[in-house]
Amino acid sequence: MFKKVILCLVLVSGLLLCGCTAKKEKANLLSTIKKRGELIVGVKFDSKPFGFVENGKLQGYDIDIAHLLAKRILGNENLVRFVEVTPSNRISKLNSGEVDMVVATMTITPSRLEVVDFSLPYFYAGQAVMIRRGTAIKTISDLNGRRVVIVLGTTGETSLRYFAPEVILQGYRSYKEAFAGMLRGRAEAMSADDAILAGFVMDHPEFMLLPQRYTQEGYGVAFRKDAASASLKFEVNNAIAELRKKGHLNQLKAKWLPLASDNLKK
Ligand code: GLU
């Protein structure tokens, strides 16, 4: 009888152990990606020079980062599928499982850290103000009482509300719509990351950035805040540390932001 009880206990614990291992396997996103043979990444399609479509090709700094991560994880930089995200939907697309990670000019902030995890920063941007050349706006406080374009849900929106509380906000869901609003004269200025505004100035030299930067913000790769994403985050952090050490992040910056933002001020 005693032997039978021992046998049952051994069998039950064996089954439990198998169950746990299977569950752990299923829960490991890095293994899932390797089995799937494809990395699914949320990126911007309208934020030159980070994620944008030109001549029918999706390209930019964030797109290059995603290709480098696919190469590291899957051994082939082309094994990556891009899904368009915007500042308003990137967290829900990540948390619903539609994408494995988000590489989309996304600033690491304390409030976002409550709902997602971030990698080490791979790029630093600062909030800036873009005006049409010749406009009599010199500093962010001159924006009080004026109409200013922002993209909803961005750190640009939060900073502007803080630095110019009397501003009249014109909120848009995407950078494309926001800049179109600027072109139509809907507002006198646009407030956003200098790195993103630089992309508009590259193509539209009638605009310029004011010299001041009102924040310093690190862009991070975002992950779901769960144990399954831990090994993926670990792998991505190692990749970012290596890219920084070998100077590849600086090369990407030189490739996509060839004019230092200082040159865009005048
Ligand atoms: N980096 C800023 C942010 O994360 C603006 C860019 C963006 O939203 O994509 O809010």
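Both ligands and their constituent atoms are indexed starting at 1 by order of listing.
Interface of Met106 with ligand 1, defined as ligand atoms under 4.0 Å from a residue heavy atom, comprises 4 (O). Of all the atoms in ligand 1, the ones that sit under 4.0 Å from a non-hydrogen atom of Ile196 are 6 (C). Taking every non-hydrogen atom of Ala104 and a distance limit under 4.0 Å, the qualifying atoms of ligand 1 come out as 9 (O). Set against the non-hydrogen atoms of Lys44, the atoms of ligand 1 under 4.0 Å away are 7 (C), 9 (O). Interface atoms of ligand 1 facing Thr107, defined by a heavy-atom separation under 4.0 Å, are 1 (N), 2 (C), 3 (C), 4 (O).
Protein heavy atom in closest approach to atom 4 (O) of ligand 1: Arg112 NH1, 2.7 Å. Remark: minimum distance from atom 6 (C) of ligand 1 to any protein heavy atom is reached at Tyr175 OH, 3.0 Å. Considering only non-hydrogen protein atoms, atom 2 (C) of ligand 1 sits nearest to Thr155 OG1, 3.1 Å.
Checked by atom type, the side-chain pair Ser92/Asn89 shows no donor-acceptor distance below 3.5 Å. Thr105 and Lys44 are linked by a side-chain donor-acceptor pair at a separation below 3.5 angstrom, with hydrogens and angles left out of the test.
Heavy atoms of Arg90 come nearer than 4.0 angstrom to ligand 1 in at least one pair.
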Under the salt bridge (Lys or Arg N to Asp or Glu O under 4.0 Å) rule, what do Glu206 and Arg133 come out as? Steps first, then yes or no, please. CA-CA 6 Å; Glu206 68 271 30; Arg133 284 176 197 276; over 6 Å; no

ring-ring contact (aromatic ring centres under 6.0 Å, His included) assessment of His248 paired with Tyr122: CA-CA 10 Å; His248 292 160; Tyr122 62 88; over 10 Å; no

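Two rings, from Phe50 and Phe123, have their centers less than 6.0 Å apart. Close placement of the Phe207 and Phe179 rings is indicated, their centers lying within 6.0 Å of each other.
The neighbour count for Arg112 CZ, taken as heavy atoms of other residues, nucleotides or ligands under 6.0 Å away, is above 12.
Salt bridge annotation for Lys233-Asp226: absent, with no cationic side-chain nitrogen under 4.0 angstrom from a carboxylate oxygen.
At a 3.5 angstrom cut-off on N or O pairs, Tyr219 does not count as close to ligand 1. At least one N/O-N/O distance between Thr105 and ligand 1 falls below 3.5 Å.
With Gln59 contributing its side chain and Lys57 its backbone, the two residues share a donor-acceptor pair below 3.5 Å.
Neither the backbone nor the side chain of Val151 comes within contact range of ligand 1; no heavy atom lies under 4.0 Å. Of all the heavy atoms of Asp193, the ones lying under 4.0 Å from any atom of ligand 1 belong exclusively to the side chain.
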